[in-house]
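Below is one structure, written out as structure tokens; comments come after it.
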Amino acid sequence: MTDINRDYCIVPDNFYPVKSLQKYVHMGVVRKYRKGDTISFPGEVLDRVIYVVSGKVSVYFLEDNKQKLMYYACRYCPIDGAFGFKIGLIHVVSEENSTVCFFSKEQLFEIFRQDDEAHLEFLSNFACKCGFFMYVSKEMDLYTPTARVLRMIYELCLTKGKVVDNIYEIDIKLTQKTISEITGVHFVSVCRIFGWLKKEKIVHKTPNKIIIYDLPRLKDMINLNNKH
DNA sequence: CCATTAATATATA
DNA sequence: TATATATTAATGG
């Protein structure tokens, strides 16, 4: 079996997809939101699982007038508001026009009783998220900010890069700001890193893709930026 | 809205 | 104390 975490969780918007739940959307409460709409306000009691049917939703933690992006939920991704412990204020926002379905715990139990596959996928999604946040925690402890950004590019290259003449192309729509939010590196620092990578002709980022001209050099840079 | 740059302050090895 | 990173603010695409 391939490594699920690597396949799904470098950018936290592609956790293990729970496709089987699609069939049961009629059992829950379906709502549509427009881009920028809040799906669940900070402080609001959320006792449902929010299942993303289409579009894209983001989950933030709020604290001390600051907000921290935890993850994005795209199609087939559930956002748990029913099973886990509540950790402070959670803000769920629609990033695009989105359709979501609210499931209660009881509804999900009913589904799981009759559908092992849905159950398994749901668990896999949970495990995938758990793995991602362990990964992030490790990155924070073991690597410098610059190394974290470089490592993210490197990981993306290995998992999603397409090779042509030793040049890797990653088709991914990713802003520097998003990379900043995911890696915990300040957006100005991220900008400087990409500026340097471009100047050195190692990596070039456009709005829709990342091109790696010199993978060995990228790897060298990661090592040079490791903590000693 | 997103990216870049400079000046300055903090943090870390 | 030297280097890396964050912060803030100003500016341009």
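Not measured: the values here are computed from a predicted model. In the text below, chain A, chain B and the rest are named by the order of the sequence lines, each starting its count at 1.
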Of the listed B:dA3, C:dT5, C:dT8, the closest approach to the A:Pro145 side chain comes from C:dT5
Give a yes-or-no answer on whether the side chains of A:Tyr24 and A:Asp115 include a donor-acceptor pair shorter than 3.5 Å.
yes
Once you round it to whole Å, what is the distance between [atom2] of [N] and [atom1] of [X]?
| X | N | atom1 | atom2 | result |
| --- | --- | --- | --- | --- |
| A:Phe187 | C:dA6 | CZ | C1' | 10 Å |
| A:Trp196 | B:dT4 | CH2 | P | 16 Å |
| A:Lys199 | B:dT4 | NZ | P | 14 Å |
| A:Asn225 | B:dT12 | CG | P | 17 Å |
| A:Glu181 | B:dC1 | CD | C1' | 13 Å |
| A:Arg148 | C:dA4 | CZ | C1' | 12 Å |
| A:Arg192 | C:dA4 | CZ | P | 10 Å |
| A:Leu174 | B:dC1 | CG | P | 17 Å |

How are the rings of A:Tyr60 and A:His91 set to each other: parallel, tilted or perpendicular (split at 30° and 60°)?
tilted
Any base atoms under 4.0 Å from A:Val185, or only sugar-phosphate, or nothing? Heavy atoms, all strands.
sugar-phosphate
Would you indicate, yes or no, if [N] has its OP1 or OP2 atom less than 4.0 angstrom from a side-chain nitrogen or oxygen of [X]?
| X | N | result |
| --- | --- | --- |
| A:His186 | C:dT7 | yes |
| A:Ser189 | C:dA4 | no |
| A:Thr144 | C:dA4 | no |

Using the benzene-type ring in the case of Trp, are the ring centres of A:Phe132 and A:Tyr71 under 6.0 Å apart?
no
Using a cut-off of 6.0 Å, state whether more than 12 heavy atoms not belonging to A:Lys35 lie near its atom NZ.
no
